[in-house]
Amino acid sequence: MAGVFVVSLDFELAWGGFDVRSGSYNRNLYGARLVVPQILKLFEQHSFRATWATVGGLMCNNPAELNEFTAAHTTPALSTKVRGLLDCLARNPEFNELYFAPDHVQRIRNSPGQELATHTFSHLFCLEQGARPQDLEADLICAMAVSKLKTGLEPRSIVFPRNQFSAEHLTIVRALGIGAFRGAPRFPCHAPGPKGQQTLVHRAQRYLDSYVPSSRTLIHPIATLGTSEPVDIPASLFFRPRSTNGNPLNHLRMTRIKNLMKDAATSDALFHLWWHPHNFGVHSAESLRDLESILIWFRRLADQSGYRNLTLTELADEVRASLSSSSCEPVRQAIDSVRA
């Protein structure tokens, strides 16, 4: 199986915060609403496929619809979070567009080659104190229902917020028919866990990985993706936001990404790049140029080595098909020997 380039985006806007954001970061969030159509345009121009892990609450039109929808699919945890959000939006209605983006979800749905995955309904943190597995189940039932209603599709892959999950959470995901998830790079500093367990050393190593080789490798041989269900499609690198013009870190991060892409292309491995649209919310023009440079580099590698671009679900389907074919090979050989 040739090397594969996967891109996944966490489309969450302000759902990624615990409360209504304020201050300078709102520039990123409002900028994300402007940049999503431009990212989609670039993907279409370069015939590029990507997975958009989307918070289900973004699919609602307004607070009233959010309230109505969660009333039918709720647990105390979901109800408490949504109630707190609705109270905030009642005091700050100007922030509605940071929590509701059904028009953008439809743009993604209607764009060629784009997969709509789930990022849970409420950006649920599965491993934080007080979180229970049944909270994820109720949340995902809600996420799948709103997706079915608004887009006609039920998500087949998931990105867990803050990459927080356990074996019990994966069992729930599998039972709901979701067949792929974005796992963590296979190094201790990237291991999933509560925010309080993410030490300064872990954060520093993840930061370094974006610019220079810190972990041993961040590409994953396709043949080692495993037999689990749902299929683990591990992340490789976070596409860090662009710094101010002239910062040498910009060149380092682009070189790092392109080198890892080349390594994956020439070794039948997976390179999985991810980011949030709001990371492009400032320095948008420069970030889009960086993205186009990556897409052009991908096409060059594809022409040279057969490097391929797939969504989370497409790669998971290929992994299953490959495993199924491998398990049947002894039977085929036995049949062929009898026929001979």
Side-chain angles (χ1 to χ4, degrees), residues 8 10-12 15-19 51-60 66-67 69-86 99 115-149 153-186 188-199 202 225-235 272 274 312-313 316 319-320:
S8 58
D10 298 4
F11 186 33
E12 61 194 46
W15 283 91
F18 290 103
D19 209 330
T51 295
W52 296 72
T54 302
V55 168
L58 283 174
M59 300 184 187
C60 297
L66 175 66
N67 184 48
F69 210 89
T70 54
H73 309 82
T74 193
T75 65
L78 179 58
S79 179
T80 298
K81 182 166 187 175
V82 170
R83 176 53 56 194
L85 171 59
L86 291 173
Y99 288 90
E115 176 188 15
L116 264 177
T118 185
H119 201 34
T120 73
F121 182 83
S122 64
H123 203 266
L124 181 70
F125 300 130
C126 293
L127 298 181
E128 295 299 334
Q129 186 174 6
R132 306 169 303 164
Q134 55 264 46
D135 295 327
L136 176 65
E137 183 176 28
D139 185 288
L140 285 181
I141 289 172
C142 191
M144 297 177 80
V146 74
S147 181
K148 182 70 172 178
L149 177 67
L153 301 172
E154 289 186 348
R156 295 183 59 205
S157 64
I158 182 171
V159 171
F160 293 95
R162 285 192 187 157
N163 207 38
Q164 292 186 6
F165 65 90
S166 68
E168 193 169 3
H169 295 110
L170 294 180
T171 298
I172 291 168
V173 164
R174 179 172 65 249
L176 291 173
I178 295 174
F181 72 101
R182 186 178 74 206
R186 291 163 182 168
C189 72
H190 295 281
K195 186 177 181 181
Q197 291 181 8
Q198 304 303 306
T199 68
H202 289 159
L225 293 186
T227 59
S228 63
E229 282 288 344
V231 177
D232 182 356
I233 310 296
H272 184 170
W274 71 277
L312 286 180
T313 292
V319 168
R320 285 190 203 92

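Values below: all heavy atoms of this structure, side chains included; hydrogens, waters and symmetry mates excluded.
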Going by heavy atoms in the side chains, are [X] and [Y] under 4.5 Å from each other?
X	Y	value
Leu66	Phe121	yes
Leu124	Leu136	yes
Ile158	Leu140	yes
Thr51	Ser157	yes
Pro155	Thr313	no
Val231	Glu229	yes

Taking the basic N atoms (NZ, or NE/NH1/NH2) and the acidic carboxylate oxygens, is any pair closer than 4.0 Å for Arg156 and Glu115?
no
Under 4.0 Å between a Lys/Arg side-chain N and an Asp/Glu carboxylate O for Asp135 and Lys81?
no
Counting N and O atoms only, with roles assigned by atom type, does the side chain of [X] sit under 3.5 Å from a partner on the main chain of [Y], one being a donor and the other an acceptor?
X	Y	answer
Thr120	His123	yes
Ser147	Ala145	no
His272	Ile233	yes
His119	Val159	yes
Trp15	Tyr99	yes
Asp232	Arg182	no
Glu12	Val55	no

Inter-residue atom distance [X].[atom1] - [Y].[atom2], 0.5 Å rounding:
X	Y	atom1	atom2	result
Ser8	Trp274	OG	CH2	8.0 Å
Met144	Glu154	CE	CD	4.5 Å
Asn163	Cys126	CG	SG	10.0 Å
Phe125	Gln164	CZ	CD	6.5 Å

Name the orientation class of the two ring planes belonging to Phe160 and Phe181 (parallel below 30°, tilted from 30 to 60°, perpendicular beyond 60°).
perpendicular
Partners passing salt bridge (Lys or Arg N to Asp or Glu O under 4.0 Å) against Glu168 (at least two apart in sequence or in another chain)
none
How far apart are the C-alpha atoms of His169 and Leu127, what are their side-chain angles, what is the distance that settles it, and do they pass the side-chain contact (heavy atoms from CB on, under 4.5 Å) test?
CA-CA 10 Å; His169 295 110; Leu127 298 181; 3.8 Å; yes
What are the two closest non-hydrogen atoms of Ala316 and Gly179, and how far apart are they?
CB-O, 4.0 Å
Met59 and Thr54: side-chain contact (heavy atoms from CB on, under 4.5 Å), yes or no, with the steps?
CA-CA 9 Å; Met59 300 184 187; Thr54 302; 4.2 Å; yes
